[in-house]
Amino acid sequence: MAAAAAAAVPVATPTPGRMERVVLVTGASGGVGLALCRRLLEEDGRIHLCLACRNAQRSEAARESVLAAHPAAQVSTVEVDLGSLVSVLRAARDLRRRFQRLDFVYLNAGIMPNPQVRQLESLLCGNEKPSRLIWTSSSNARETAFSLSDYQHAKGQESYSSSKYATDLTSVVLNRKLNKQGLYSSVVCPGLVMSNMTYRILPVFLWKLLMPIMWLIRFFAKTYTLTPYNGAEAHVWLFKQKPESLDALVKYHSCTSGLGKNYVEPRKMDVDEETAEKLYEKLLELEKQALEKYDDLLDK
Ligand SMILES: NC(=O)C1=CN([C@@H]2O[C@H](COP(=O)(O)OP(=O)(O)OC[C@H]3O[C@@H](n4cnc5c(N)ncnc54)[C@H](OP(=O)(O)O)[C@@H]3O)[C@@H](O)[C@H]2O)C=CC1
Ligand SMILES: CC(C)CCC[C@@H](C)[C@H]1CC[C@H]2C3=CC[C@H]4[C@H](C)C(=O)CC[C@]4(C)[C@H]3CC[C@]12C
């Protein structure tokens, strides 16, 4: 299975030319990630879009559905299970071989931050134009759920809030370390979106029954974006911004008004920069230990 997860490149997909922007989206097989892919191509049909998914069938189905709406688009796939270090390293090696740089990486499948980014550093840093990392975090990221001494949350009960807080910290520290090398990182919250994730909280039929109530709630709670399309608003907005104009300590929230109008709301994050720095040191140490075992998957 792990070998199969290495990398599948559709043969028909051309290698991106020098001037095309390359955009990688993780978790692109459904929900916010897939809606984001469609919306990005509406913004710029010339990008080379690479869908990073863990399941080959779902990945191909996503690629076909994106191509159905944008037949001339350049869409490729890379298989990666972000829960497996070997799979992440193989996919990163494959991406390093296929692309000279990555202009945008949307880290949308929500798992702990390391080492997916570090393995792509050579594609993200030192390019002519800045590269961007955009993490799908959540308004549910909470400092109280996170502990530096147990940053992998082995002992806690709030892994979701903890991992999203770790994501926020990582984004903050990456900006401090890598802005000067041309890498800019941002975090977004898609709001409450109906997707496979929420269908694991309540069954689909119940959400459908609740939908009229949620449309009403949306007049008061603007983060009830409800559809993946609306949830991708902040991601798409960031795609159009100059990275130098963004605040590293802000989370960008997708919002939808009661009448269905989408907009983005920046909110200051409650992150301690010293904790961010300490987490970064710990992640580097963890990475060093983990990578010692997988020397053959690293480019020297
Ligand atoms: N829905 C919501 O209300 C909210 C969502 N979010 C965040 O938005 C992001 C997208 O979620 P959403 O679209 O709602 O959920 P979905 O479950 O619809 O999509 C999640 C995507 O991530 C992929 N994925 C999950 N685990 C892995 C893995 N180990 N390796 C590779 N890919 C993986 C899934 O692949 P597969 O198809 O194979 O399962 C799928 O493509 C997440 O980070 C989530 O935490 C934040 C706030 C609210
Ligand atoms: C009438 C309905 C509103 C009743 C639904 C009750 C609950 C099951 C849900 C109400 C709000 C939901 C959530 C809000 C925030 C999400 C957050 C941003 C996230 O990242 C993960 C999912 C949420 C926690 C989501 C979960 C279901 C609710 C609690």
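Order of appearance sets the numbers: ligands from 1, and atoms from 1 within every ligand. All values derive from a computational prediction rather than experimental measurement.
Atom numbering of ligand 1 starts at 1 in the shown order; those under 4.0 Å from a heavy atom of G30 are 41 (O). Near G27, the atoms of ligand 1 lying under 4.0 angstrom from a non-hydrogen atom of the residue are 21 (C), 22 (O), 23 (C), 41 (O). Taking every non-hydrogen atom of Y160 and a distance limit under 4.0 Å, the qualifying atoms of ligand 1 come out as 6 (N), 7 (C), 44 (C), 45 (O), 46 (C), 47 (C). Under a 4.0 Å criterion applied to the non-hydrogen atoms of G191, ligand 1 contributes the atoms 2 (C), 3 (O), 4 (C), 47 (C), 48 (C). With ligand atoms numbered from 1 in the order given, ligand 1 contributes 13 (O) to contacts under 4.0 Å with heavy atoms of V32. Interface atoms of ligand 1 facing S137, defined by a heavy-atom separation under 4.0 Å, are 46 (C). Near V80, meaning under 4.0 Å from one of its heavy atoms, ligand 1 places the atoms 30 (N), 31 (C). Annotation for ligand 1: atoms under 4.0 Å from non-hydrogen atoms of T136 are 7 (C), 8 (O), 9 (C), 43 (O).
Side-chain polar atoms of T136 and H235 form a donor-acceptor pair below 3.5 angstrom.
The shortest side-chain heavy-atom distance between L36 and Y106 falls under the 4.5 Å cut-off. Looking at heavy atoms from C-beta onward, Y229 lies out of side-chain contact with R38 at the 4.5 angstrom threshold.
The residues K177 and E277 are annotated as salt-bridged, a charged nitrogen and a carboxylate oxygen being separated by less than 4.0 angstrom. Ion pair D168/K251 flagged as a salt bridge, since at least one NZ, NE, NH1 or NH2 atom sits closer than 4.0 Å to an Asp/Glu carboxylate oxygen. At a threshold of 4.0 Å, the pair E43-K240 counts as salt-bridged, since one of the basic side-chain nitrogens sits closer than that to a carboxylate oxygen. A salt bridge is defined here as a Lys NZ or Arg NE, NH1 or NH2 lying under 4.0 Å from an Asp or Glu carboxylate O, and K268 with D247 meets this definition. Under a 4.0 Å N-O distance rule, the pair D94/R90 does not qualify as a salt bridge. Between E274 and K278 there is a salt bridge, since a side-chain N of the basic residue sits under 4.0 Å from a carboxylate O of the acidic one. Classification of R21 and D44 as a salt-bridged pair holds, one side-chain N sitting under 4.0 Å from a carboxylate O.
Within the 4.0 Å heavy-atom shell around ligand 1 one finds P190.
Between S195 and ligand 1, at least one pair of N/O atoms sits closer than 3.5 Å. In terms of N/O distances under 3.5 Å, ligand 1 is approached by N108. Geometrically, ligand 1 and K164 share a nitrogen or oxygen pair separated by less than 3.5 Å.
Heavy atoms of M194 found under 4.0 angstrom from ligand 1: none, in either backbone or side chain. Contacts with ligand 1 closer than 4.0 Å are made by heavy atoms of both the backbone and the side chain of M197.
Of the candidates V25, D81, L192, L36, it is D81 that places a heavy atom closest to atom 29 (N) of ligand 1. The heavy atom nearest to atom 34 (C) of ligand 1, considering only A109, A28, G31, S29, is found in S29.
Within the model, atoms NZ of K129 and CG of D103 stand 7.0 Å from one another, a figure rounded to the nearest 0.5 Å. We find the CD-OH distance between E273 and Y280 to be 14.5 Å, quoted to the nearest 0.5 Å.
Residues that satisfy the salt bridge (Lys or Arg N to Asp or Glu O under 4.0 Å) test with K282, not counting sequence neighbours, are absent from this structure.
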Extract all N/O-N/O pairs under 3.5 Å that connect ligand 2 to the protein, and present each with both atom names and the distance rounded to 0.1 Å.
from: ligand 2; atom 1: 20 (O); to: S138; atom 2: OG; distance (Å): 2.5
from: ligand 2; atom 1: 20 (O); to: Y160; atom 2: OH; distance (Å): 2.9

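Ring geometry for Y165 versus F146: interplanar angle of 30 to 60°, hence tilted.
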